[in-house]
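A quick write-up on the structure given underneath.
Here is how names work: the chains are called A, B, and so on, in the same order as the sequence lines, proteins then strands, and each is numbered from 1.
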Amino acid sequence: GNSVTQMQGQVTLSEEEFLFINCTYSTTGYPTLFWYVQYPGEGPQLLLKVTTANNKGSSRGFEATYDKGTTSFHLQKASVQESDSAVYYCVLGEGTGGYKVVFGSGTRLLVSP
Amino acid sequence: EAAVTQSPRNKVAVTGGKVTLSCNQTNNHNNMYWYRQDTGHGLRLIHYSYGAGSTEKGDIPDGYKASRPSQENFSLILELATPSQTSVYFCASGRQGSAETLYFGSGTRLTVL
């Protein structure tokens, strides 16, 4: 079945530092890959999505690309702010059925001023 | 703006009691989902629905039932609540197709004593 692995449980940075979060995925189909962000007390919300391998998605200063060859999908931001502190989920969607949406375990980002 | 509303926001139940969590969406989306969120597991799919009258089992359906009486409403039912079901529950809606964005509610924190 489809799966997503996020190895980084927590990332701690200072403001203006570079962010890089990686995830790997497994699927036999043609996936769309998403990054969702969750702020305290809220539900997850879409940050960006990438529907085609090697294409780049971007939103709010974040960028993401996925590599079909290495089945990896990463999120990066050149300069983080304290307001970026949140949990980031790598998500894989595949197939025509909506249930084939698989969440990674999440990466908590803590940004100190 | 997409809107998914969950109620109650917090719930305390006793072991063996019946619990119903409610979700309403005004997006006119066909698909609705129930997830639970636990530390280290990310979001795990419990039940989902493709439209009024339909419910399908997700990855962890044991101990849960779901009901979709209308396009707008999707309920999660715990007939005999257990402490292991203590968690935060999220409802989401989405258009058909796994490349579509999921819109989440703010969650229900359930504690089973």
Side-chain angles (χ1 to χ4, degrees), chain A residues 1-10 21 23-25 27-53 55 57 59 64 66 73 86-108, chain B residues 1-7 9-10 21 23 25 27 29-51 54-61 66 68 74 87-109:
Chain A
N2 298 333
S3 67
V4 174
T5 302
Q6 286 181 255
M7 296 302 294
Q8 299 159 284
Q10 181 165 303
I21 301 175
C23 89
T24 57
Y25 68 92
T27 181
T28 57
Y30 298 91
T32 295
L33 289 160
F34 307 79
W35 284 99
Y36 279 76
V37 59
Q38 184 178 22
Y39 299 102
E42 299 180 10
Q45 59 183 269
L46 179 69
L47 178 59
L48 52 80
K49 70 178 178 182
V50 180
T51 57
T52 307
N55 281 4
S59 174
Y66 85 84
F73 184 50
V87 179
Y88 293 82
Y89 288 99
C90 177
V91 179
L92 181 153
E94 190 277 325
T96 55
Y99 81 97
K100 293 182 182 177
V101 174
V102 178
F103 279 74
S105 56
T107 297
R108 181 176 299 277
Chain B
E1 180 73 21
V4 179
T5 305
Q6 294 182 233
S7 62
R9 191 66 193 267
N10 293 281
L21 307 183
C23 178
Q25 55 107 353
N27 308 321
H29 287 160
N30 288 329
N31 295 351
M32 295 187 74
Y33 310 82
W34 277 106
Y35 289 89
R36 64 177 283 175
Q37 184 177 49
D38 304 286
T39 302
H41 290 280
L43 278 83
R44 292 181 290 173
L45 182 64
I46 306 170
H47 284 287
Y48 60 101
S49 169
Y50 291 132
S54 95
T55 60
E56 306 288 339
K57 293 181 178 179
D59 299 322
I60 54 165
R68 182 88 181 268
F74 190 37
S87 187
V88 180
Y89 292 85
F90 287 98
C91 175
S93 75
R95 294 186 183 90
Q96 285 182 306
S98 55
E100 296 298 328
T101 301
L102 295 183
Y103 295 88
F104 284 85
S106 298
T108 294
R109 182 174 296 276

*So, for A:Gln38 and B:Gln37, which heavy atoms are closest and what is the spacing to 0.1 Å?*
OE1-NE2, 2.7 Å
*asked:* Restricting to non-hydrogen atoms, name the atom on B:Leu43 and the atom on A:Phe103 that form the minimum distance, rounded to 0.1 Å.
replied: O-CB, 3.8 Å
*Look up atom CZ in B:Phe104 and atom CD in A:Glu42, then write down how far apart they are to the nearest 0.5 Å.*
13.0 Å
_Point-to-point distance, once rounded to the nearest 0.5 Å, from CG of A:Leu47 to OG1 of B:Thr101_ = 11.0 Å
_Given heavy-atom pairs under 4.5 angstrom as the criterion, report whether the side chain, backbone, both or neither of B:Arg9 touches chain A._
side chain
*Just wondering, more than 12 heavy atoms not from B:Arg44 lying within 6.0 Å of its CZ?*
yes
*asked:* To check you understand the geometry: which heavy-atom pair defines the closest contact between B:Phe90 and A:Gly43, and what is its length?
replied: CE2-CA, 3.4 Å
*Is A:Val101 close to B:Leu102 at the side-chain level, that is, under 4.5 Å between some pair of heavy atoms?*
yes
